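Because the structure is a prediction, the values reported are computed rather than measured.
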Amino acid sequence: MLSEFYERLPEVGDRDKPKLVFFFDEAHLLFTDAPKPLLDKIEQVVRLIRSKGVGVYFVTQNPLDVPDKVLGQLGNRIQHALRAFTPRDQKAVAAAAATMRANPKLDTEKVITELGVGEALVSFLDEKGRPSVVERAYILPPASRIGPITADERKAIMAASPVAGVYEKTVDRESAYEKLKSRVAESTPTITPPSSEGGVIGTIKDSLGGLMHGSGRKDSLVEAMAKSAARSVGSTIGRSIVRGVLGSLLGGRR
């Protein structure tokens, strides 16, 4: 996905704020047993995607979870407390301290193990894209409250939102279903029914016309009954004529 963004998005340079940010939580799942071609691709994308206005954050409990070649491409760093209980933990503390620009006023490796709840070591890029010295800081958590806000508070928050005025107006766009339905209606030809006299007389006349001249369509129930009756009448008259002719020839009654 990041590769697709890099290929499609225009160059915007170093923005004050990115247009889009990706957070990869539990980053060790991404890098564990990852083949070298994948690591090379991730390193390349992380290094170049910043110029597209896209930020990438890798979230992990241990800086050793992120390969050095990828870790070296990250500009901003926020390091919470690490506890060095084992030799591997000590390596993680040393690695985290080494990835930040040293501050002469504090021992980064020592401070990492002393950080309390809400504290972190931070190092951000300055206006010229250079890493700033590491500082010990308190992290301001997101503001929250228990219980619903009032209507006036909601209105004030919506008015101060960066997207105020964007989503207030309801837009009922033409759906894909409506477009396809319109196309089908336009492409379907209009069938004009044949003109005929109304009522039963017209139906019988049309049926008899079909009986005499033939028709390529399937007969309705009324037409079939009319044709059947016409055949019966014709058969009766025919038999009477034949009997009369034969009676005359044989000397019988007319």
Side-chain angles (χ1 to χ4, degrees), residues 1-103 106-126 128-142 144:
M1 185 183 297
L2 289 177
S3 299
E4 290 289 331
F5 276 120
Y6 178 75
E7 295 176 359
R8 296 172 183 265
L9 294 178
E11 291 281 345
V12 296
D14 289 331
R15 295 170 54 95
D16 295 335
K17 293 182 179 180
K19 297 184 295 183
L20 183 67
V21 176
F22 283 89
F23 286 89
F24 289 93
D25 196 11
E26 302 294 344
H28 67 280
L29 299 177
L30 176 63
F31 296 109
T32 300
D33 299 329
K36 186 178 182 302
L38 175 60
L39 295 179
D40 294 340
K41 189 65 175 180
I42 294 176
E43 177 193 8
Q44 179 187 22
V45 172
V46 171
R47 183 175 68 251
L48 300 176
I49 198 70
R50 187 185 309 163
S51 64
K52 303 287 187 174
V54 178
V56 181
Y57 285 82
F58 296 102
V59 185
T60 177
Q61 298 290 338
N62 193 323
L64 296 179
D65 294 336
V66 182
D68 293 340
K69 59 192 314 181
V70 177
L71 197 63
Q73 302 300 329
L74 304 181
N76 301 328
R77 286 173 170 78
I78 302 175
Q79 178 61 57
H80 292 279
L82 290 175
R83 301 294 181 249
F85 296 118
T86 66
R88 187 177 186 278
D89 295 339
Q90 294 175 359
K91 292 181 180 179
V93 171
T99 59
M100 295 183 176
R101 182 179 173 184
N103 187 344
L106 56 84
D107 184 349
T108 305
E109 187 171 343
K110 179 181 178 182
V111 172
I112 290 179
T113 61
E114 298 175 350
L115 295 175
V117 176
E119 285 187 297
L121 289 175
V122 296
S123 176
F124 297 146
L125 300 179
D126 60 15
K128 294 185 178 181
R130 300 170 301 187
S132 61
V133 295
V134 63
E135 296 285 353
R136 185 171 183 172
Y138 282 101
I139 303 298
L140 181 64
S144 61

Please name all residues satisfying side chain to side chain donor-acceptor pair (under 3.5 Å) with Thr60, sequence neighbours left out, ordered by chain then number.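 Side chain to side chain donor-acceptor pair (under 3.5 Å) check on Thr60 returns Asp65.
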With Asp107, which residues qualify under side chain to side chain donor-acceptor pair (under 3.5 Å), at least two apart?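 If we apply the side chain to side chain donor-acceptor pair (under 3.5 Å) test to Asp107, skipping adjacent residues, there are no hits.
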Can you tell me if CZ on Arg83 sees more than 12 non-hydrogen neighbours from other groups inside 6.0 Å?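 Buried by this count: over 12 neighbours within 6.0 Å.
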If you draw a 6.0 Å radius around OH in Tyr57, do more than 12 non-hydrogen atoms from other residues or ligands fall strictly inside?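 For Tyr57, atom OH is not crowded (no more than 12 foreign heavy atoms under 6.0 Å).
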Suppose the criterion is salt bridge (charged side-chain N to carboxylate O under 4.0 Å, His left out): which pairs have a residue in residues 108-124, not counting sequence neighbours?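 Sorted result for residues 108-124: Glu119-Arg136.
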According to salt bridge (charged side-chain N to carboxylate O under 4.0 Å, His left out), does anything in residues 52-64 pair up with another residue at least two apart or in another chain? List the pairs.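 Qualifying pairs, neighbours excluded: Glu11-Lys52.
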Looking at every heavy atom in both Asn76 and Leu125, which two are closest together, and how far apart are they?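 Heavy-atom minimum between the residues: OD1-N, 2.9 Å.
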Between Gln90 and Ala84, what is the shortest heavy-atom contact and its length?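 The pair with the smallest heavy-atom distance is CG-CB, 3.8 Å.
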Return the set of residues passing salt bridge (Lys or Arg N to Asp or Glu O under 4.0 Å) with Asp89 (not counting sequence neighbours), or none when no residue passes.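 Partners of Asp89 by the salt bridge (Lys or Arg N to Asp or Glu O under 4.0 Å) criterion come out as none, since no residue qualifies.
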Considering only heavy atoms from C-beta outward, does the side chain of Leu115 approach that of His80 to under 4.5 Å?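 Sidechains of His80 and Leu115: no contact.
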Indicate yes or no: at least one non-hydrogen side-chain atom of Phe31 is less than 4.5 angstrom from one of Leu38.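 No, side chains not in contact.
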If the test is side-chain contact (heavy atoms from CB on, under 4.5 Å), which one of Thr108, Ile112, Thr99 qualifies with Val134?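 Among Thr108, Ile112, Thr99, the one that satisfies the side-chain contact (heavy atoms from CB on, under 4.5 Å) with Val134 is Thr108.
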Atom pair CE/CG of Met100 and Leu121 - distance to nearest 0.5 Å: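 Answer for the CE-CG pair, Met100 versus Leu121, is 5.5 Å.
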Distance, nearest 0.5 Å, that separates CD of Glu43 from NZ of Lys36: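 One finds 8.5 Å between CD of Glu43 and NZ of Lys36.
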Please tabulate, one pair per line, all N/O donor-acceptor pairs under 3.5 Å involving side-chain atoms of residues 18-30, not counting sequence neighbours.
none

Judged by atom type as modelled, is there a donor-acceptor pair below 3.5 Å linking the side chain of Ser123 to the main-chain atoms of Arg77?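 No: the side chain of Ser123 does not pair with the backbone of Arg77.
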